[in-house]
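Only one structure is covered here, and it is reproduced in the block below.
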Amino acid sequence: MGSSLLLAQFLCLLFFHSHSQPAHSSSNFSSSVQLCPGDQSLALLQFKNSFSIMSSFTSICSFYPPKKLVLWKEGTDCCSWDGVTCNMQTGHVIGLDLGCSMLYGTLHSNSTLFSLHHLQKLDLSCNCFNLSVIPSSFGQFVHLTHLNLSSSNFAGQVPPEISHLSTLVSLDLSFHYEELMLEPISFDKLAQNLTQLRELYLGGVNMSLVVPSSLMNLSSSLSSLQLWSCGLKGELPDNIFRRSNLQSLELRSNEELTGSFPPYNVSNALSHLDLSYTRISIHLEPDSISHLKSVEKMYLNRCNFVGSNLGLLGNLTQLIELGLADNQLGGQIPFSLGKLKHLDHNRLYGQIPSSVYKTCEHLRALMLSSNDKLTGNISSIICELKSLEILDLSNNGFSGFIPQCLGNFSDGLSVLHLGANNLHGNIPSIYSEGNKFLDLGNNMIDDTFPSFLETLPKLEVVVLRSNKLHGSLKGPTVKDSFSKLQIFDLSNNSLSGPLPTEYFNNFKAMMSVAQDMDYMRIKNLSYVYSVTLAWKGLEIEFSKIQIALATLDLSCNKFTGKIPESLGKLKSLIQLNLSHNSLIGYIQPSLRNLTNLESLDLSSNLLAGRIPPQLVDLTFLQVLNLSYNHLEGPIPQGKQFNTFENGSYEGNLGLCGFPLQVKCSKGEGQQPPPSNFEKEDSMFEEGFGWQAVAMGYGCGFVFGVSIGYVVFRARKPAWFVKMVEDSAHQNAKRLRRKNAPRNGGRRY
């Protein structure tokens, strides 16, 4: 009876299912959704397995928060796998989203990825393909509509076969910082064949050979064009601004790009315009820029302004963000800008009258950076802005003293950025406990290290570089001081004494690798930290700082003593610079633990001994400078060490091996770094054979047993202790004389 009832229920369900099919469908119960074909499932697995999975990203390989690890299980339907989209009728894989999946390795042209001929959307962004060339096999994806290879660490030429993807609607090759190059022939083919393209993102791709006039050959349906930092040169045709479908245009940081923003017939569709750091002329006249009624975000930093009628910007009533930094605009801010009700926040840059301090008592953010005409003293009236959370007066011409009253702000002050001015005198003692970002670098401050900073529990960034700081760093007096610090830059001062080992032990945030790839910011005010650092040998302005960017720079001071072993705890460090000091001793093998390190500079010190072979484990190391020390022995080989050139080791007369011309003696390349005992025992290798050593060993054994018996009976006689101490002292003097630098000093 029970089985009959179950059968009846099954037949009812079957009847209901067959009658619930749409009228136009010929499918029945047996023609269910197709599974992923076996060959495509295998191709996906082989593709994924051809890469290793990075436990954490370095700054060159990531720009956005990573997704979870891609977990694909063999033997299951690939249509159910993370990031895989299938055609529900045929089962063919038509979409693959592996963006931010932490893939690391080389993408080869014979990869099984290219056997997925039905792909329509492909996203491989924010992975690390190890400077491999974009394979020409991408041209086989004839059905592709969306291709995203941004932030994926490709290099070389963009293959012309990309132009075969005639159905592309969106192409993103951005964020490769000129490692990727697009030649004129390839660009012309791309512009000619991709007639359906609506989004083209090439920011950071080297297009220095592409003529700007060829941009007019791009698809007329283009709505978004991103060409920042492409090295474009020459005159940009003004018709580019008149395209009726163009909504977003980014041309920033093409400093040799000329032309003129047209005074009339500008596209009303434009909502995002960025012409910062170009030489394009901007006419502040009624018939030009004020007609952009739809623009919401506009950045005109360091542009070529013709006219200075800022009041016309008040007509852009939809503006949310406006950037006018690094210009030489004078006068007061026009009242017409008060009509911009949607504007986020005073990102308006210019010379502000002193009355603003009294009339804007509830001001939360005051940002006046990069106006070279802002000079004179910083008025103490500024301290009346009790609600201030951000004070950024950096990159100006302010002089005089830092107002002492800045120490009286409420806990709300999160950012104090007075870097790159002409400020002098002392650093006022006591700042807001809520301070997260402090930059007083590149001034003329003459003071000792402001040890009171250790009482500020939220500090993430401390930059005091290029001042006149002097004296030693005494170490913390507060528990867990600097526990959230990510960037600590005291370079180019006159600080002395031993390295601040106690501080290093408190750098908790530098001891764990950050997984958050967002930028350091004050979120409620949309303020992103910016800072200038010496980065891999160059001084670079970081307009954004990733949370994962950890750097310690104590270079160009007068620090003495040894490199502490505790530095090996700071595992999230991406850059470590201790160069141009007076450090002695050996290079610590514990530095092998800094597995995220991309730049290590220990040059121009008094370091001795061998280069620890353990440093070969630093597989992300791109810059190594050990020059002008007293290092000796073979240079370690393998991995990144095979890529460093002579300049990394010059000025160390005792080094040998690749890449130097000095060859190591037979067997020397296999020896480990010498210990202190090996140093002292090296005298036995100079002039004595094994026979003499054996005889000495036998006599010494008999003598040692005899003396030992006397010592045991006499209980450490003073004459024997004195003899041993005198002997050790003489040996030490001989070793110092032997190891002393022959050139009389170090070279900087």
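In what follows, residues are counted from 1 in the order of the sequence shown.
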message = Can you confirm whether the thiol sulfurs of C405 and C383 sit closer than 2.5 Å?
response = yes

task = Look up atom CD in E502 and atom NZ in K474, then write down how far apart they are to the nearest 0.5 Å.
result = 13.0 Å

message = Can you pull out every salt bridge (charged side-chain N to carboxylate O under 4.0 Å, His left out) where at least one residue sits in residues 387-404? Sequence neighbours excluded, please.
response = R364-E389

key: Nearest-0.5 Å distance that lies between atom OH in Y527 and atom OH in Y519   = 15.5 Å

inquiry  = What's the separation between atom CD1 in I282 and atom CE in M298, rounded to the nearest 0.5 Å?
reply    = 8.5 Å

message = Suppose we screen for side chain to side chain donor-acceptor pair (under 3.5 Å). Which residues come up paired with Q486, at least two apart in sequence or across chains?
response = none

Under 3.5 Å donor-acceptor, N435 side chain and E433 backbone = no

key: L567 vs L578 side-chain heavy atoms within contact, under 4.5 Å   = yes

ask   = Using 30° and 60° as the class limits, which term best fits the ring planes of Y503 and F507: parallel, tilted or perpendicular?
value = parallel

Side-chain donor/acceptor of S276 to backbone N/O of Y299, under 3.5 Å = yes

ask   = Are any non-hydrogen side-chain atoms of L533 and F542 less than 4.5 angstrom apart?
value = yes

query = What is the distance from atom CG of L552 to atom CZ of F488, rounded to the nearest 0.5 Å?
reply = 7.5 Å

query = Where the side chain of S150 meets the backbone of D172, is there a donor-acceptor pair that is under 3.5 Å apart?
reply = no

query = For the residue pair F620 and Y104, does the interplanar ring angle fall in the parallel (under 30°), tilted (30 to 60°) or perpendicular (over 60°) class?
reply = perpendicular

key: Test item: N443 side-chain N/O and L418 main-chain N/O as donor-acceptor pair under 3.5 Å   = yes

ask   = Tell me, which pairs form a side-chain hydrogen bond (donor to acceptor under 3.5 Å, both in side chains) where one or both residues lie in residues 491-501, sequence neighbours left out?
value = D489-S491

ask   = Out of curiosity, S399 OG to H424 NE2, how far, rounded to the nearest 0.5 Å?
value = 7.0 Å

inquiry  = So, taking the atom named CD1 in I427 and the one named CG in L438, what distance separates them when rounded to the nearest 0.5 Å?
reply    = 7.5 Å

